[in-house]
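Some notes on the structure that comes next.
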Amino acid sequence: MKMGALALVFLATTLLSEISLALSPDGVALLEVKTSLNDSKNFLSNWRDSDESPCLWTGISCSPKDQRVISINLPYMQLGGTISPSICKLSRLQRLALHQNSLHGYIPNEIAKCSELRALYLRSNYLQGGIPSNIGNLSLLNILDLSSNTLKGAIPSSLGRLTRLSHLNLSTNFLSGEIPDVGVLSKFGNKSFIGNLDLCGQQVEKPCRTSLGFPAVLPHAASDEASVPKHSSHYMKGLIIGAMCALSFAFIMLFGFLWIWLLSKKERAVKRYTEVKKQVHQEPRAKLITFHGDLPYTSCELVEKIESLDEEDIVGAGGFGTVYRMVMNDCGTFAVKKIDRTREGSDQVFERELEILGSIKHINLVNLRGYCRLPTAKLLIYDYLAMGSLDYFLHDYMAEDRKLNWIARLRIAIGSARGLAYLHHDCCPKIVHRDIKSSNILLDENLEPHVSDFGLAKLLVDEDAHVTTVVAGTFGYLAPEYLQSGRATEKSDVYSFGVLLLELVTGKRPTDPSFVKRGLNVVGWMNTLLRENRLEDVVDKRCRDAEVDTVEVIVEIAARCTDANPDERPSMQQVLQFLEQEVMSPCLSEFYESHSDKS
Ligand SMILES: Nc1ncnc2c1ncn2[C@@H]1O[C@H](COP(=O)(O)OP(=O)(O)OP(=O)(O)O)[C@@H](O)[C@H]1O
Ligand SMILES: *[C@@H]1O[C@H](CO)[C@@H](O)[C@H](O)[C@H]1NC(C)=O
Ligand SMILES: *[C@@H]1O[C@H](CO)[C@@H](O)[C@H](O)[C@H]1NC(C)=O
Ligand SMILES: *[C@@H]1O[C@H](CO)[C@@H](O)[C@H](O)[C@H]1NC(C)=O
Ligand SMILES: *[C@@H]1O[C@H](CO)[C@@H](O)[C@H](O)[C@H]1NC(C)=O
Ligand SMILES: [Mg+2]
């Protein structure tokens with residue numbers, strides 16, 4: 001009897017533990033995919049069957065709602081092997097990016113089961129055989145890039161059915177025969193087809209010989225063509241991929257160190273907050289509080305400098321006052337913001353809240369270094385960021401040598417997301433920014449972004465009077481529910497961040513006349529263009545290095561952030577994770593290296 005009960009308990013606990021530890025079906029499918037890949041550099045070492053969910057695995061993103069895998073992003077990973085048909089068990093997959101690897105074998109026919117697929121990147125591999133004709137079943141497909149492989153045979157006419165297709169690249173393969181002039185296939189020009197063995201048709205302005213009466217012996221699309229022998233560029237490609245890998249490895253190491261450094265920094269910052277140094281200026285006419293305790297000046301020096309600021313030192317003005325540039329005798333430079341309005345309430349409450357803001361430190365946030373109260377004014381002292389605001393850089397800066405190219409914009413997006421995610425998720429109490437816009441993203445010499453003015457709106461603006469006091473430049477960034485209720489939340493920050501992403505992509509202010517004229521804001525404008533499949537028209541013409549795969553990701557994330565329903569928007573942490581998983585690539589690390597060389 002006792003034995004039986006024990007056995008039962010044992011059985012129940014093992015069953016329970018098995019249930020709670022079981023990997024989700026998507027995870028199991030991914031492990032099957034992994035077995036057919038040759039991951040010689042162990043990039044996929046955290047794909048383990050002991051996990052419950054694959055959502056934190058390298059290159060995987062899940063839908064926040066149901067934790068199903070929606071994206072596989074593994075470009076530049078030196079993966080060999082083949083693409084397993086098991087990939088199609090991921091029925092909710094929207095994005096498959098395996099470009100710039102060394103995959104061989106066929107594109108699995110089963111790909112058509114991923115019926116929600118919107119983007120397929122298989123560029124620069126050694127894939128062989130034909131293009132599976134049932135790719136034409138992927139009715140949501142928006143981007144298809146199969147360029148630089150060894151695909152042969154004809155282009156299946158079923159691709160013409162892909163009405164949503166806005167980007168097609170079949171270049172540099174061994175495709176041949178007539179390009180079907182049907183459906184959406186008619187609209188792509190020679191840039192989508194260059195470098196193939198023998199393609200003809202209207203799209204490449206090369207008539208097919210059949211029109212001259214020759215018998216048509218056109219190869220049929222099939223996926224079981226004989227394999228094509230590998231060519232000698234394989235070796236070169238290996239070399240290039242090797243170099244890429246070394247770069248990305250250096251990048252990962254750098255981030256590891258930064259991360260550890262940040263963690264220890266954070267701990268120290270917490271300690272420091274408890275011992276924030278208060279220096280009360282001797283004379284009664286001024287009060288000075290410094291934060292972080294590391295301003296190497298006496299109060300007298302600082303107050304004297306502040307009092308001597310005049311019109312020549314002004315660098316800008318915003319909703320709360322005027323900003324001055326203050327250069328100390330040792331050339332240390334600060335930005336001093338003279339506040340010209342304050343909320344009703346005691347100075348003590350104000351100063352206590354400021355201390356919280358002053359205790360926050362993160363590489364992607366602008367440090368608040370001090371506060372000074374004079375009989376005539378209240379002043380905030382910030383670190384000075386040499387390149388000014390993103391707003392200025394994006395819309396007013398004309399110098400040719402340092403334009404914001406696409407890679408620089410991606411870094412700004414990721415850095416700003418890091419700063420914001422820190423405010424929302426790592427600060428205690430958490431901080432809602434309330435005023436995210438491009439003029440509050442400041443850039444240092446390396447164009448690394450620092451978010452400024454966080455928490456200031458709450459400190460300075462009365463809750464009830466919000467709509468009338470909203471700073472004019474902020475208007476286009478505000479979430480609809482914030483405009484209505486006046487209640488700022490993390491989700492209203494996420495909305496503003498989405499608008500900021502669109503500003504980076506389009507190079508246009510959210511209040512640009514071109515959409516205001518059509519009665520739209522930037523969000524509505526983007527949605528209209530996307531409905532018309534005009535992804536290319538969205539991108540700022542100055543970003544010549546913009547690649548469709550990252551543009552698509554940013555626009556997609558922006559669309560989620562600007563969802564009209566705040567509950568549908570991702571958290572800043574999720575946004576950051578999306579950006580890191582999907583946009584990080586060796587190109588970014590190259591950018592880091594070339595920039596640190598220059599500076
Ligand atoms: N720490 C800083 N370093 C360098 N320049 C700064 C700094 N802070 C502000 N500026 C410059 O001063 C300008 C005005 O800043 P300010 O914050 O007053 O206005 P804003 O950002 O346009 O609006 P808001 O008042 O809503 O923040 C900025 O656009 C920027 O160019
Ligand atoms: C995997 O790739 C490495 C180097 O790229 C190679 O040496 C090894 O033989 C490959 N393994 C398999 C099983 O193909
Ligand atoms: C998918 O495509 C193939 C070939 O084009 C076709 O035979 C099949 O019916 C399609 N399946 C679905 C579900 O549409
Ligand atoms: C591709 O088309 C453009 C314009 O249609 C033309 O100028 C160009 O010469 C073409 N290129 C090739 C390689 O045919
Ligand atoms: C397709 O890819 C090739 C090389 O991979 C590139 O030169 C070409 O510009 C691309 N075409 C389009 C339409 O992007
Ligand atoms: Mg500002």
Side-chain angles (χ1 to χ4, degrees), residues 281 285-291 295-343 350-351 354 357-358 365-399 402 404 412 433-445 447-457 459-461 469-477 500 503 509 511:
H281 196 58
R285 67 191 166 92
K287 175 177 182 181
L288 184 79
I289 305 175
T290 59
F291 306 116
L295 268 188
Y297 312 102
T298 65
S299 314
C300 291
E301 268 180 288
L302 278 168
V303 172
E304 217 162 89
K305 264 279 182 280
I306 287 171
E307 286 180 327
S308 73
L309 292 173
D310 63 22
E311 246 144 71
E312 278 175 24
D313 305 308
I314 293 178
V315 290
F320 309 114
T322 312
V323 180
Y324 298 82
R325 179 164 175 266
M326 175 173 79
V327 185
M328 303 302 290
N329 295 337
D330 67 353
C331 294
T333 309
F334 298 87
V336 175
K337 178 175 259 183
K338 186 171 172 193
I339 295 168
D340 59 19
R341 68 169 187 204
T342 47
R343 209 168 56 172
F350 179 75
E351 281 159 23
L354 261 189
L357 299 183
L365 296 174
V366 178
N367 285 332
L368 175 61
R369 301 295 291 266
Y371 163 68
C372 180
R373 192 176 78 208
L374 299 178
T376 52
K378 291 188 163 87
L379 302 117
L380 300 174
I381 305 167
Y382 288 99
D383 279 344
Y384 186 81
L385 275 299
M387 303 306 285
S389 73
L390 173 64
D391 181 70
Y392 169 73
F393 225 84
L394 211 47
H395 307 298
D396 298 326
Y397 193 68
M398 288 303 159
R402 290 196 91 173
L404 278 184
I412 290 170
H433 188 297
R434 289 170 179 250
D435 196 15
I436 293 167
K437 54 180 173 178
S438 59
S439 72
N440 280 337
I441 308 291
L442 305 179
L443 304 174
D444 64 21
E445 298 80 358
L447 300 183
E448 185 66 32
H450 302 256
V451 177
S452 80
D453 292 338
F454 45 87
L456 210 57
L459 225 56
L460 298 177
V461 180
T469 50
V470 155
V471 186
T474 307
F475 214 71
Y477 297 87
L500 183 80
E503 185 172 352
R509 286 204 175 91
T511 49

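All residue numbers refer to positions in the sequence shown, counting from 1.
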Leu379 and Ile339: CA distance, side-chain angles, deciding distance, side chain to side chain contact (heavy atoms under 4.5 Å, CB included) verdict: CA-CA 6 Å; Leu379 302 117; Ile339 295 168; over 6 Å; no
Check: Asn440 side chain, Asp435 main-chain N or O, donor-acceptor pair, under 3.5 Å: yes
CG on Leu302 to CZ on Arg369, rounded to 0.5 Å: 10.0 Å
Side chains of Leu443 and Ser389 in contact at under 4.5 Å (non-hydrogen atoms): no
Exam field: side chain His433 to backbone Val451, donor-acceptor pair closer than 3.5 Å: no
Ser438 and Asp391 side chains, donor-acceptor separation under 3.5 Å: yes
Salt-bridge criterion met for Lys437 and Glu503 (N-O under 4.0 Å): no
Flag side-chain contact, heavy atom, 4.5 Å: Asn367 against Leu365: no
From CG (Asp383) to CG (Leu442), nearest 0.5 Å: 10.5 Å
Side-chain heavy-atom pair Glu351, Ile289 within 4.5 angstrom cut-off: yes
Donor-acceptor contacts, no H, no angles, side chain residues 309-326, under 3.5 Å, sequence neighbours left out:
{"residue": "Asp310", "atom": "OD1", "partner": "Glu312", "partner atom": "N", "Å": "3.1"}
{"residue": "Asp313", "atom": "OD2", "partner": "Asp310", "partner atom": "N", "Å": "3.0"}

Inter-residue atom distance Met328.CE - Lys305.NZ, 0.5 Å rounding: 6.0 Å
Interatomic distance, Phe454 atom CZ to Leu357 atom CG [nearest 0.5 angstrom]: 6.0 Å
Sub-4.5 Å side-chain heavy-atom contact between Leu404 and Leu447: yes
Euclidean distance, Ile412 CD1 relative to His450 NE2, rounded to 0.5 Å: 10.5 Å
Test item: Asp453 side-chain N/O and Leu456 main-chain N/O as donor-acceptor pair under 3.5 Å: no
Backbone of Thr298 reached by a side-chain donor or acceptor of Glu301 within 3.5 Å: yes
Side chain to side chain, Leu354 and Leu368, heavy atoms closer than 4.5 Å: yes
Where Tyr384 and Thr333 come nearest, the two heavy atoms and their spacing: CB-O, 3.4 Å
Reported CE-to-CZ distance for the pair Met387 and Phe393, which is rounded to 0.5 angstrom: 4.0 Å
Lys/Arg cation over aromatic Phe350: Lys378, 6.0 Å, 45° cone: yes
Asp330-Tyr297 side chain donor-acceptor pair, cut-off 3.5 Å: yes
Lys338 NZ: over 12 foreign heavy atoms closer than 6.0 Å: no
